[in-house]
Amino acid sequence: MAQNPVWDYPDGESPFGCRQMIGSVWEWASDQFFPYDGFKIDMYPFMSTLQFGDHKVSRGGGCATSPNLIRGTYRQAYLAQRNDVFTGFRTCALSDD
């Protein structure tokens, strides 16, 4: 998989100038995977309920995620040992100016 420099997609900048906030890799978050308020079990109860409180949240979507699904509120639950999903983390660089 080729990786692109963060400046390759200027049209995807947020109003604050942040770049590539979703869509390159799933973003690891520090919170545990729990249901959103109002959650109701659907026809696939084991797709999420077994992971509540036991997995960390990954948000957004990665390069292998369908474009129809990628959004800032889309989340998955993964254990840190997983090495078969496109996950990453954000860092920030401070300028010396």
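For clarity, every value in this text was computed on a predicted model and none was experimentally measured.
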- Message: Using a 6.0 Å cut-off, check whether atom CG of Asp37 has over 12 heavy atoms from anything other than its own residue.
- Response: no

- Message: I want to check something: taking the side chain as every heavy atom from C-beta on, are Thr65 and Ile70 in contact at a cut-off of under 4.5 Å?
- Response: yes

- Query: What closest approach, in Å, do Ala77 and His55 show between heavy atoms, and which atom pair accounts for it?
  - Reply: CB-CB, 3.6 Å

- Query: With Gln76, which residues qualify under side-chain hydrogen bond (donor to acceptor under 3.5 Å, both in side chains), at least two apart?
  - Reply: Tyr74

- Item | Distance (rounded to the nearest 0.5 Å) between Leu79 CG and Phe33 CZ | 12.0 Å

- Message: So which atom in Trp26 and which in Gly61 form the shortest heavy-atom distance, rounded to 0.1 Å?
- Response: CE3-N, 3.4 Å

- Message: Checking the side chain of Lys56 only, and the main-chain atoms of Ser30 only, is there a donor and an acceptor separated by less than 3.5 Å?
- Response: yes

- Task: Indicate whether the side chain of Ser58 and that of Trp28 have a donor and an acceptor atom separated by less than 3.5 Å.
- Result: no

- Item | Distance, nearest 0.5 Å, that separates OG1 of Thr73 from CZ of Arg59 | 8.5 Å

- Message: Please determine whether a side-chain nitrogen of the Lys or Arg among Arg75 and Asp31 lies less than 4.0 Å from a carboxylate oxygen of the Asp or Glu.
- Response: no

- Query: Side-chain heavy atoms under 4.5 angstrom apart, residues restricted to Ile, Leu, Val, Met, Phe, Trp, Tyr: same cluster for Val85 and Leu69?
  - Reply: yes

- Query: Does Thr87 reach the side chain of Tyr78, with side-chain heavy atoms less than 4.5 Å apart?
  - Reply: yes

